[in-house]
Each structure stands twice: as C-alpha cells, then as structure tokens.
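Working notes for the structure below.
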Amino acid sequence: MRVDNTLAYIDQGSFLGLRALGRGPIVQAVWVYDRGVDMDGLRRFRRNLAKGLFGRRIERSALPFGRHHWVADAALQSLDLSVQERPRGDVWNWADTCLGAPIDPEHGPGWRLAVQPLTDGGAAVSLVVSHSIADGHGLVIAVTDAVNGVDRNLGYPPPRSRTRRAALAQDARQTLAAVPQMVAAVAASVRVARAERAELATSFKAAGDVPPGDDEPMVAPSVVVFVDAAQWDECAQRLGGTANSLFCGMAARLGQLLGRVGPDGRVNLSWPVSERTEGDTRANALVAATMTADPDQVLTDLTVVRADMKRALSESAQTSVRMTGPLPLTPLTPRVVLRRLEGMVLSVNSPIGCSNMGDLDPAFGRPDGTDADYVMMRGAEPQITSRVLNRIGGQLVLGGCRSRGRVAVSVSSWTVGQHNSKEALREVVLKVLADYGLTGTVEGPLS
C-alpha cells in the first residue's frame, strides 16, 4: 500500500518559515550522567532513532506552489564525540554549542546526537532536532521508541524517486484537488483577520519599529533549574494548584521581573497543546492555548491560574479549528509575508512561551540503555540575532519536564534595553524560587 508522504500544511508552514527567515526553532534533550556513558548503547540508540520520526527529510514539490513530501533519510547520522573533557559546571554552555551545529530538514542532517566527556568522570549527551522534523512530543516518542527498539517503519520513498515528469503531474493533480480547500481557506483567513483586527493593527505597528541591535548569530541567555519533585508538588498543593499550574505561575512571576507585563499589570502566557494521536506522523501536531495571569496573585494562590488553564485548554479545540482554516494557503504564501508575520505574532502583548512536557516515560531517560542522572528538554532558536530579538520585543520561553524524581525547568530570556546574560538570568530565577519557598540547583553560568 502506498504511504501518503505529503506534508501536513502546518509542517510545510514550519519549513517555509525556516527558509524565509534563514533560521528556525530546534528541540533539544540533554542527559547528564555522573559516570561515563555506554558508547555501544548510544550507537544503538542512534541507529534506532533513524527508524522512527527522525528517519526522514523534506523533499520540495516539483511546483513552486505545490505540497512538499517526506522522503526517507538514508544517510547514517554521525555521533559527535568531543575529544576534550569539560568541567561539570560547563555542561549547559556545551549544550548551547550543540544548538549551533548545522541542522537542515531538507538537505540534512535533520538531527544530531553528541557526547561530551566531563573531567569528573561523568558525561553529557545532547540530541537536537529541527522543529520541522519533530515537535517536543515527537522527540519524546522518537527517543522512547529508540530506547525500546521500536521500528515505526514509516515506508517513505527514497529521495528523488519520482521522475521530473511524474512529479510535475502528481503535484499538479494534488494542487488542483486542493482548490476547494484553498477557496475555503480564503474565507477562513478573512474571518481570522476580522476577529483579530485590533491585535493585527497593533502588531503591524510594532513590527515596523526596529530597535538597535547587531546581526551576529547567537543563542539567547538560558539557564536550567532542577527542583526535587516532591518539594515541587508540595508547593503546588499548598497554593491550591497542580504541578503544571505552578509551572505557569513561575512563568508569570518571571515575566513580571523581566519586564513582560501589560498595561493592566498582567502577563500573557502561551503554551502548546498536543493534538498528536496514535500513529500521527506530523512533525508539528499542536495548537496554542493562551491566557493572562496576575503575577502577584500566583505567589500566594494558584487556584485562579489552574481554573484559567482548564478554560484555555477546553477552548483550544475551537482555536485549532479557527486557526487551521487558512492553512491550505500555506504553499502560496510569499516569503516576505512569512517574515512579516514573525514580527506581527511575536511582538503583540509580550507573550511568554510555556512548554511543559510533564512526566516522561522512564525509558526516555536511558539513551545509552541506563538511567541518566539529570534529564532536561527545551526549545530554542539558534542563529537568532539581537536585532531580531529587539524587533520582536524580546522573549521569555520556559521548557519543563519531570524525570528521575526531579522537575527540570529551562528558562531562556532576552529583555530589550537590559543587560542580558546567563548570570543575570540566574539571579532572577533564584529569586523566583525563593518567592515560592523552593530550593533547587540553577545551572547555566560557568561559576
């Protein structure tokens, strides 16, 4: 049976955005072992990753306005092994360097696996993947499958397996068949524009202002905090919340201290809601949920945040229907519009990104077949510049996961017009922990 290897519209949009901007988001997992890693186990892990969602690349349509396709990635991914040891305190700086390694979902490699030996006898492992290949939940599935030896057998054809003539004919038929969807998408786009008229006007104005900055590629300052899971749960329960609402409460408080507060004193939280189902092969199977929060109230009472999160989640299905309506127009969207959209979307209301993966399958913490001591996941956008960060009004992004009895929270921040460094961010994170009566280990700066 022939496998439908056509990219979903949201995945083609992700890829086109990458090409329009010259950069794109990356998902990273980091494992830290207090001892050395089993290299044979990691090589097996690398081979198994290629049998799942990671074992593919994007092949463009033969038509400039056609649908792109998935093809099998037959190339054997390398295992990047550092020859020089680093101190344990430099792990997260090394993790940043892993983000800078070339990643390309079309030409490859779409993902990279790296190992860093440590001077104390331990080791760190990093896995990075293009968001155009897999989102956070996709990475979790791919890693868990690889550890458990699961072969997804996606059945994608090899690259360039279609002749030029066959590709043109097939893609033309597919485009013609999608015309009714495109017509409906135009109407959906008009409805979205009317509903979001006020915010669109604000965002156009904001996107038009370009503050000073430079064009040097960088990774925005980030740190990671590890908190004992039992302590985290006790704090959440004491404030009338859940582990996830405490995560959002921490994001709200960080937003306040880092200057991402609206005129009404509230902050805007946005987080991905996974729509991934069994057997779902989309790279991006998600929709965004949004809400506002009082950054003072979250320190003493999480019941309101908890209720607002439930409400936002219940509305996410409606949001998905409304926002995915225009997606069939994705192949027709010019690059200049995609570049403009970034400034429009990210500069409105200073959104705070919150991506909490929650409890991870124990297998996720065993890339070499044995349990890592520390596990962390985060989203990042390397190759971004201070000029872009200033143009979009800065950023604040949190990533969370729970593994091995610890809650890990990564925080990435850039505040326009302020001193931005890992050391300064570490002090802010420590203050928020103290505000909640939490103790933890904040890693990132090399002390």
Side-chain angles (χ1 to χ4, degrees), residues 1-19 23-29 43-63 66-80 98 101-114 126-163 166-167 170-171 174 274-286 327 330-331 364 367 377 379:
M1 182 179 296
R2 183 180 180 276
V3 174
D4 183 4
N5 63 326
T6 308
L7 261 68
Y9 286 118
I10 189 172
D11 293 341
Q12 184 150 344
S14 170
F15 173 72
L16 293 178
L18 168 68
R19 288 293 181 251
R23 54 181 166 77
I26 283 176
V27 187
Q28 181 181 41
R43 292 187 183 96
R44 180 173 58 250
F45 176 62
R46 176 197 60 184
R47 292 193 298 270
N48 289 346
L49 282 171
K51 299 176 183 178
L53 294 176
F54 284 18
R56 58 187 182 176
R57 293 185 190 176
I58 293 172
E59 184 171 272
R60 299 195 195 205
S61 168
L63 301 174
R67 299 281 296 276
H68 296 345
H69 298 86
W70 293 114
V71 292
D73 185 0
L76 178 63
Q77 298 294 337
S78 63
L79 179 58
D80 302 328
C98 292
I103 292 287
D104 193 294
E106 179 183 11
H107 304 296
W111 55 278
R112 286 181 179 272
L113 184 66
S126 166
L127 175 64
V128 295
V129 63
S130 167
H131 220 295
S132 294
I133 296 291
D135 58 17
H137 277 92
L139 181 143
V140 170
I141 291 171
V143 167
T144 305
D145 281 351
V147 171
N148 291 331
V150 176
D151 185 350
R152 288 276 167 176
N153 190 22
L154 299 178
Y156 293 140
R160 297 175 295 279
S161 59
R162 302 184 300 173
T163 66
Q170 180 183 346
D171 292 358
Q174 191 174 52
S274 179
E275 296 184 316
R276 193 173 295 278
T277 57
E278 181 63 31
D280 196 331
T281 58
R282 287 177 294 173
N284 297 273
L286 46 82
L327 284 180
T330 299
F364 185 90
M377 281 185 65

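A quick note: this is a predicted structure, and the numbers were derived from the prediction, not measured. Computed from heavy atoms alone, side chains included, the values below leave out hydrogens, waters and symmetry copies.
- Contact annotation: the side chain of Phe54 approaches that of Leu127 to within less than 4.5 Å [non-hydrogen atoms, C-beta and beyond].
- Contact of the Arg276 side chain with the Asp135 side chain is registered, since non-hydrogen atoms from C-beta on lie closer than 4.5 Å.
- Atom CD1 of residue Ile26 and atom CG of residue Leu18 lie 9.0 Å apart, to the nearest 0.5 angstrom.
- A distance of 7.0 Å separates CD1 of Ile10 from CZ of Arg282, quoted to the nearest 0.5 Å.
- Using modelled atom types, one side-chain atom of Gln12 and one backbone atom of Gly66 make a donor-acceptor pair closer than 3.5 Å.
- Of all heavy-atom pairs spanning Met377 and Ala29, the tightest one is CG-CB, 4.2 Å.
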> Under the side-chain contact (heavy atoms from CB on, under 4.5 Å) criterion, do His68 and Leu16 qualify, and how do the steps go?
Replying inline: CA-CA 10 Å; His68 296 345; Leu16 293 178; 4.1 Å; yes

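- Heavy atoms only, all atoms of each residue included: Ala8 and Arg67 are closest at CA-NH2, 4.1 Å.
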>> Determine whether His137 and Leu286 satisfy the following criterion, side-chain contact (heavy atoms from CB on, under 4.5 Å), listing intermediate values before the conclusion.
In response: CA-CA 9 Å; His137 277 92; Leu286 46 82; over 6 Å; no

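- One distance of note links CH2 of Trp111 with CD1 of Ile133; it measures 11.0 Å at 0.5 Å rounding.
- Across all non-hydrogen atoms, the minimal contact from Arg162 to Ala62 is NH2-N, 4.5 Å.
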>> Would Phe364 and Val147 count as a side-chain contact (heavy atoms from CB on, under 4.5 Å) here? Give the steps.
In response: CA-CA 7 Å; Phe364 185 90; Val147 171; over 6 Å; no

Residues 70-78, side-chain donor-acceptor partners within the protein, below 3.5 Å, at least two apart:
unit_1	atom_1	unit_2	atom_2	d
Asp73	OD1	Arg57	NE	3.0
Asp73	OD1	Arg57	NH2	3.1
Asp73	OD1	Ala75	N	3.2
Asp73	OD2	Arg57	NE	3.2
Asp73	OD2	Gln77	NE2	3.3
Ser78	OG	Asp80	OD1	3.1

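- Under the side-chain contact (heavy atoms from CB on, under 4.5 Å) criterion, Arg152 pairs with Ile141, Asp145, Leu154, Glu278, not counting sequence neighbours.
- Scanning all heavy atoms of the two residues, the minimum distance from Phe15 to Pro105 falls at CD1-CG, 4.0 Å.
- The two residues Ala283 and His131 have their closest heavy-atom pair at CB-O, 4.0 Å.
- Remark: Arg60 CZ to Asp171 CG distance equals 13.5 Å, nearest 0.5 Å.
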> Under the side-chain contact (heavy atoms from CB on, under 4.5 Å) criterion, do Arg56 and Thr281 qualify, and how do the steps go?
Replying inline: CA-CA 11 Å; Arg56 58 187 182 176; Thr281 58; 4.0 Å; yes

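- In terms of modelled atom types and a separation under 3.5 Å, the side chain of Asn148 and the main chain of Val150 share no donor-acceptor contact.
- Under the 3.5 Å distance criterion, the side-chain polar atoms of Thr163 are matched with a main-chain donor or acceptor of Ala166.
- Listed for the Asn284 side chain is no donor-acceptor partner under 3.5 Å among the backbone atoms of Asp11.
- Here CD of Glu59 is found 11.0 Å from CG of Leu7. Values are rounded to the nearest 0.5 Å.
- Contact between Asp280 and Ala285 at its shortest, heavy atoms only, is OD2-CB, 3.9 Å.
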